[in-house]
Amino acid sequence: MTTLSSDRVRTTLDALYADEKVKDEPVVAAVVAKNRPLGSYTHQEQTEMLAEAYISVPREVGDLLYVLARNRGAKRIVEFGTSFGISTLFLAAAARDNGGEVITTEWHAGKAEVAAKNIGDAGFEDIVDVRVGDALESLKELPGPVDMVFLDGWKDIYLPVLQVLEPSLAPGALVVADDMGTLPEQPYFDHVRAGGYHTVQVPIGDGLEISTRVD
Ligand SMILES: C[S@@+](CC[C@H](N)C(=O)[O-])C[C@H]1O[C@@H](n2cnc3c(N)ncnc32)[C@H](O)[C@@H]1O
């Protein structure tokens with residue numbers, strides 16, 4: 001049996017997905033009613049507008065993250081964009097089964113606090129480090145080589161966040177960027193498609209750009 005299919009993790013994920021169903025709809029409706037693209041707001045404004053929303057990965061993306069992390073044998077996994085911790089739980093389950101750890105970062109302190117509680121409910125408090133603040137700062141100090149990265153914060157800083165992490169990437173590290181089908185980021189594509197990575201876009205969820213370091 002995998003950690004992901006354990007009662008404790010399944011029960012926690014079921015409760016979070018049920019809560020997301022209730023909480024996200026009014027928040028997203030209020031954003032849509034403003035009739036302005038999300039990208040036209042500052043990061044601070046976006047973070048405040050979405051402070052009550054999960055905007056999590058769907059289960060199939062979480063399952064894929066688990067499969068990729070297990071298959072890579074990832075021992076150190078870094079996540080940009082914790083929200084309330086749903087994707088973190090899939091990554092942490094893989095880290096547990098690989099004998100590893102997850103470092104995740106969330107700008108909004110209230111969200112990070114709830115995420116830490118959810119991570120504890122699932123039994124991962126010993127292997128997940130929730131860092132509060134801007135990922136561009138909070139991910140500068142890492143304890144060692146990074147085997148896998150999951151990018152799921154605001155899209156226009158995927159490239160600078162990856163560049164902060166690049167000196168720490170293990171040979172052949174896996175980098176997964178969410179929402180690249182619905183919110184494509186050309187500077188990010190130009191970077192990962194330029195030769196330092198082998199990369200493919202997978203039409204699952206909102207589109208994952210999955211890249212492996214060529215070292
Ligand atoms: C799409 S949500 C993450 C969803 C989460 N990965 C999941 O699947 O459950 C994006 C999150 O990134 C956070 N975020 C955005 N910019 C950030 C930054 N510069 N540093 C840290 N967190 C950031 C937002 O506050 C928001 O909670």
Side-chain angles (χ1 to χ4, degrees), residues 4 9 12-25 27-28 31 38-39 41-66 68-69 77-95 102-119 121-122 124 128-142 148-165 175-185 188 204-209:
L4 186 57
V9 175
T12 309
L13 277 170
D14 287 351
L16 295 178
Y17 276 119
D19 193 43
E20 175 174 34
K21 255 194 181 158
V22 177
K23 298 249 174 77
D24 277 27
E25 204 181 292
V27 177
V28 172
V31 172
L38 202 54
Y41 295 95
T42 65
H43 284 179
Q44 183 71 41
E45 288 169 333
Q46 289 181 50
T47 302
E48 288 306 328
M49 285 163 70
L50 296 169
E52 303 298 325
Y54 284 73
I55 35 177
S56 80
V57 294
R59 278 183 199 265
E60 58 177 357
V61 169
D63 285 330
L64 180 60
L65 291 173
Y66 177 84
L68 290 172
I77 302 172
V78 170
E79 176 179 53
F80 162 45
T82 321
S83 190
F84 294 121
I86 287 185
S87 52
T88 318
L89 297 191
F90 288 94
L91 296 170
V102 177
I103 297 164
T104 185
T105 184
E106 172 53 52
W107 188 342
H108 193 279
K111 279 185 135 176
E113 196 180 327
V114 176
K117 184 200 168 290
N118 296 334
I119 288 160
D121 287 350
F124 296 129
V128 179
D129 173 5
V130 182
R131 298 185 176 185
V132 184
D134 185 353
L136 290 169
E137 291 303 319
S138 64
L139 296 180
K140 276 185 179 161
E141 303 276 322
L142 295 169
M148 179 171 172
V149 175
F150 180 51
L151 301 172
D152 195 20
W154 304 153
K155 312 309 153 194
D156 56 335
I157 59 167
Y158 275 14
L159 177 54
V161 170
L162 179 59
Q163 286 169 328
V164 165
L165 296 171
V175 182
V176 181
D178 195 21
D179 304 311
M180 290 295 93
T182 49
L183 299 167
E185 267 301 314
Y188 183 80
I204 176 172
D206 287 328
L208 297 181
E209 184 83 6

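One-based numbering, in listed order, for ligands and for the atoms of each.
- If you number the atoms of ligand 1 from 1 as listed, the ones under 4.0 Å from a heavy atom of Thr47 come out as 25 (O).
- With respect to the salt-bridge test (charged N to carboxylate O, under 4.0 angstrom), the residues Arg131 and Asp129 qualify.
- Using a 4.0 Å cut-off between heavy atoms, Phe84 makes no contact with ligand 1 at all.
- Counting only heavy atoms from C-beta outward, the side chains of Lys117 and Asp121 approach each other to under 4.5 Å.
- Atoms of ligand 1 lying under 4.0 Å from at least one heavy atom of Tyr54, given by number and element, are 4 (C).
- When Arg131, Glu106, Met49, His43 are ranked by how near their heavy atoms come to atom 11 (C) of ligand 1, first place goes to Glu106.
- Residue contacts with ligand 1: Val57 is placed with a nitrogen or oxygen under 3.5 Å of a nitrogen or oxygen of the ligand (distance criterion only).
- Using a cut-off of 4.0 Å between Lys/Arg side-chain N and Asp/Glu carboxylate O, Arg59 and Asp14 are scored as salt-bridged.
- In terms of protein heavy atoms, atom 17 (C) of ligand 1 is closest to Phe80 CE1, 3.4 Å.
- In this structure the side chain of Leu38 reaches within 4.5 angstrom of the side chain of Leu50, judged on heavy atoms.
- Minimum interatomic distance between Val57 and Phe150 (heavy atoms only, all atoms of both residues): CG1-CZ, 3.6 Å.
- Considering backbone and side-chain atoms alike, Asp152 places an N or O below 3.5 Å from some N or O of ligand 1.
- Rounded to the nearest 0.5 Å, atoms CG (Leu162) and CG (Leu151) are 6.0 Å apart.
- The aromatic ring centroids of Phe84 and Tyr54 lie less than 6.0 Å from each other.
- An N or O contact shorter than 3.5 Å is missing between Ser56 and ligand 1 by distance.
- The shortest side-chain heavy-atom distance between Leu165 and Phe80 does not fall under the 4.5 Å cut-off.
- Those atoms of ligand 1 with a heavy atom of Thr105 less than 4.0 angstrom away are 21 (C), 22 (N).
- A salt bridge links Lys155 with Asp152; the closest basic N to acidic carboxylate O contact falls under 4.0 Å.
- For the pair His108 and ligand 1, the shortest N or O to N or O distance does not fall below 3.5 Å.
- Nearest non-hydrogen protein atom to atom 22 (N) of ligand 1 is Trp107 N, 3.0 Å.
- In terms of polar-atom proximity, defined here as any N/O pair under 3.5 Å, Gly85 makes no such contact with ligand 1.
- Within the 3.5 Å criterion, the main-chain N or O of Gly85 finds no donor-acceptor partner in the side chain of Thr82.
- Within the model, atoms CG of Leu208 and CG of Asp179 stand 8.5 Å from one another, a figure rounded to the nearest 0.5 Å.
- Residue contacts with ligand 1 include Thr82, since one of its heavy atoms falls under 4.0 Å from the ligand.
- Of the heavy atoms in Lys111, only side-chain atoms (C-beta onward) come closer than 4.0 Å to ligand 1.
- Near Gly153, meaning under 4.0 Å from one of its heavy atoms, ligand 1 places the atoms 10 (C), 12 (O).
- Met148 is not listed as a side-chain neighbour of Val175, based on a closest heavy-atom distance of 4.5 Å or more.
- Atom 16 (N) of ligand 1 has its closest protein heavy atom at Trp154 CD1, 3.4 Å.
- An N or O contact shorter than 3.5 Å links Ala135 to ligand 1 by distance.
- Heavy atoms of Asp134 found under 4.0 angstrom from ligand 1 belong to the backbone as well as the side chain.
- At a 4.0 Å heavy-atom cut-off, ligand 1 touches Ile157 through the side chain alone.
- At a 4.0 Å heavy-atom cut-off, ligand 1 touches Glu79 through the side chain alone.
- A salt bridge (Lys or Arg N to Asp or Glu O under 4.0 Å) check over residues 78-88, counting only residues at least two apart or in different chains, returns nothing.
- Between Leu139 and Val78 the shortest side-chain heavy-atom distance falls below 4.5 Å.
- Those atoms of ligand 1 with a heavy atom of Ile55 less than 4.0 angstrom away are 1 (C), 2 (S), 4 (C).
- When each atom of ligand 1 is checked for a heavy atom of Ser87 under 4.0 Å away, the hits are 5 (C), 6 (N), 7 (C), 8 (O), 9 (O).
- For ligand 1, the atoms closer than 4.0 angstrom to any heavy atom of Gly133 are 20 (N), 21 (C).
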